[in-house]
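The figures that follow rest on heavy atoms only: side chains count, while hydrogens, waters and symmetry mates do not. Here is the naming used below: chain letters follow the sequence lines, and residue numbers restart at 1 for every chain.
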Protein chains: 2
Amino acid sequence: MKAATRKKLEKKGWKVGSAAELLGLTPEEACYIEMKLALSRALREQRQKHRLTQVQTAKQLKSSQSRVAKMEAGDSSVSIDLLVRSLLALGASPKAVAKSIQSA
Amino acid sequence: MKAATRKKLEKKGWKVGSAAELLGLTPEEACYIEMKLALSRALREQRQKHRLTQVQTAKQLKSSQSRVAKMEAGDSSVSIDLLVRSLLALGASPKAVAKSIQSA
DNA sequence: ATGGTATATGTCGGATATGACATACCGTCA
DNA sequence: TGACGGTATGTCATATCCGACATATACCAT
C-alpha cells in the first residue's frame with residue numbers, strides 16, 4: 001500500500017495498524033477496503049454524470065448531503081450495502097456495480 | 001417474480017409488498033435482493049468446495065454457525081457487507097465476487 | 001470583504017446488523 | 001428405536017450503521 005493511501009485511510013477511521021503492525025491488513029481486509037473505495041468512486045462518477053449536486057442526490061436517495069459526502073469519501077461509517085443500494089438507486093446497472101468491484 | 005420466490009422472501013422477513021402493492025418492489029430493490037441471494041449461493045458453494053461444515057466455516061469467519069446458516073439462506077438480517085467479507089475470508093477472489101453480483 | 005453554492009467533517013439518537021446461545025429439524029447409521 | 005453430525009430457526013444484548021443537524025471549508029461571483 002502506498003503511504004499516501006495509508007494516511008488517507010487512517011484519517012478516515014480505518015484501523016490501519018500502528019507502526020508495530022505496519023501493513024497489518026490481511027489481503028481480505030485490504031481487498032474489502034479497495035472494493036469500498038472503488039464503489040465510492042463509481043458513486044461520485046454516477047452522480048456527476050447526471051450533473052447532480054450532493055443535495056439533489058441525497059434527496060433522490062432519501063438520505064442527507066453529509067451521508068452522500070461520506071459515501072463518496074469512502075468513510076469508514078458507510079457500508080458496501082449502502083454504496084450498492086445507492087448506486088442502483090442512481091440508475092447504475094448491476095453490471096456496472098460488478099465492474100467496479102472487480103477492479104478492486 | 002415467481003410465486004415460490006416471493007413466498008420464500010416473505011418468509012425470510014423481506015417486505016415484499018402486500019396484495020395491494022403486489023410487485024411493489026422497485027427494480028433497484030429487486031436487484032439488490034437478487035445480489036444478496038447470488039452472494040448467498042456463492043458462499044455456500046465456496047464452503048462446500050472446501051468440504052467444510054458451517055461450524056468450521058463459522059470458526060474461520062470468527063462468527064457462529066447460525067449466522068453462517070442465515071448467510072447461506074439469504075436471511076434479511078445479513079448484509080451484503082457481511083457476505084462479501086465472508087466470501088473474501090473464505091478465499092474467493094474479487095473477480096468471483098463480482099461475477100456473482102453481475103449475474104443478479 | 002460579503003453573499004451564495006457546493007462539498008467536507010463532527011456528532012448524536014434511533015435503527016439495523018451481528019455474534020452468540022438455545023433449540024428444532026433433518027439424515028444416517030448402529 | 002436412539003444417538004449423532006449437520007443445518008435451520010428464534011431470540012437477545014451489544015455493536016455498528018444511518019439520517020440528520022450543525023458547522024466548517026472552498027471556490028466563485030459581486
Side-chain angles (χ1 to χ4, degrees), chain A residues 4 7-16 28-29 32-33 35-37 39-90, chain B residues 4 7-16 28-29 32-33 35-37 39-90:
Chain A
K7 196 160 202 172
K8 206 170 166 188
L9 288 178
E10 282 174 348
K11 194 183 158 209
K12 310 266 176 171
W14 295 105
K15 61 161 185 358
V16 182
E28 306 93 81
E29 286 170 338
Y32 169 76
I33 292 179
M35 277 190 188
K36 275 178 67 166
L37 294 179
L39 290 170
S40 296
R41 287 190 293 271
L43 185 67
R44 169 159 287 171
E45 284 163 17
Q46 185 73 11
R47 174 175 70 82
Q48 290 179 338
K49 194 165 74 179
H50 293 312
R51 306 255 190 283
L52 297 173
T53 68
Q54 290 183 344
V55 171
Q56 293 171 314
T57 303
K59 175 171 273 186
Q60 191 172 345
L61 299 179
K62 299 186 203 309
S63 179
S64 58
Q65 178 268 327
S66 59
R67 190 131 301 272
V68 173
K70 285 179 218 288
M71 283 192 244
E72 294 186 353
D75 190 282
S76 62
S77 81
V78 325
S79 68
I80 284 191
D81 252 84
L82 184 62
L83 287 166
V84 168
R85 278 187 282 118
S86 298
L87 275 166
L88 293 176
L90 292 186
Chain B
K7 195 160 202 173
K8 206 169 166 190
L9 288 177
E10 283 174 345
K11 193 184 161 210
K12 312 268 175 170
W14 296 106
K15 64 161 185 354
V16 183
E28 306 92 81
E29 287 171 336
Y32 169 76
I33 293 178
M35 277 189 189
K36 276 178 66 165
L37 293 179
L39 290 170
S40 296
R41 287 190 293 271
L43 185 68
R44 169 158 289 172
E45 284 162 17
Q46 184 72 12
R47 174 174 70 83
Q48 292 179 337
K49 194 165 76 180
H50 292 312
R51 308 254 189 282
L52 297 173
T53 68
Q54 291 182 344
V55 171
Q56 293 171 316
T57 303
K59 174 171 274 186
Q60 191 171 344
L61 299 179
K62 298 186 203 307
S63 180
S64 59
Q65 178 267 328
S66 58
R67 189 130 304 270
V68 173
K70 286 180 218 288
M71 285 193 240
E72 294 186 355
D75 191 282
S76 62
S77 81
V78 328
S79 69
I80 283 191
D81 253 84
L82 184 62
L83 287 166
V84 169
R85 276 187 282 118
S86 298
L87 274 167
L88 294 175
L90 292 186

Quiz item: Nearest 0.5 Å, what's the OG-CG distance between A/S63 and A/L82?
Solution: 6.5 Å
Quiz item: Using 4.0 Å as the upper bound for N to carboxylate O, is an ion pair formed by A/E72 and A/R41?
Solution: no
Self-check item: Flag side-chain contact, heavy atom, 4.5 Å: B/Q46 against B/S86
Solution: no
Exercise. Please examine the side chains of B/V55 and B/K59, heavy atoms only from C-beta on, and report whether any two atoms are closer than 4.5 Å.
Key: no
Quiz prompt | Nucleic acid contacts - residues 46-58 of chain A versus DNA chain D, non-hydrogen atoms under 4.0 Å | solution = none
Practice problem: Flag the pair B/Q54 / B/R44 as yes when at least one side-chain heavy-atom distance between them is below 4.5 Å, and no otherwise. | Solution: yes
Practice problem: For the helix from C/dA1-D/dT30 to C/dA30-D/dT1, measure the angle between the helix axis at one end and the axis at the other, each built from five pairs, rounding to 10°. | Solution: 20°
Quiz item: Could you state the CD1-P distance from B/I80 to D/dC18, rounded to the nearest angstrom?
Solution: 12 Å
Quiz item: Just by modelled atom types, is the B/L83 backbone N or O under 3.5 Å from a matching donor or acceptor in the B/K36 side chain?
Solution: no
Quiz item: Starting at CG of A/D75 and ending at P of D/dG19, how long is that distance when rounded to a whole Å?
Solution: 13 Å
Exercise. Using a 4.5 Å cut-off on heavy atoms from C-beta on, say whether the side chain of B/Q56 contacts that of B/H50.
Key: no
Exercise. Please step through salt bridge (charged side-chain N to carboxylate O under 4.0 Å, His left out) for the pair A/R85 and B/E29, ending with a clear verdict.
Key: CA-CA 8 Å; A/R85 278 187 282 118; B/E29 287 171 336; over 6 Å; no
Quiz item: Once you round it to whole Å, what is the distance between P of D/dT7 and CD of B/E72?
Solution: 7 Å
Quiz item: OG of A/S40 to CD1 of A/I33: how many Å apart, nearest 0.5 Å?
Solution: 11.5 Å
Self-check item: Where protein sits on nucleotides 12-22 of chain C, one letter per nucleotide: B base, S sugar-phosphate only, - none, heavy atoms under 4.0 Å
Solution: -----SBBBB-
Quiz item: Taking side chain as C-beta onward, heavy atoms only, is A/M71 less than 4.5 Å from A/L61?
Solution: yes
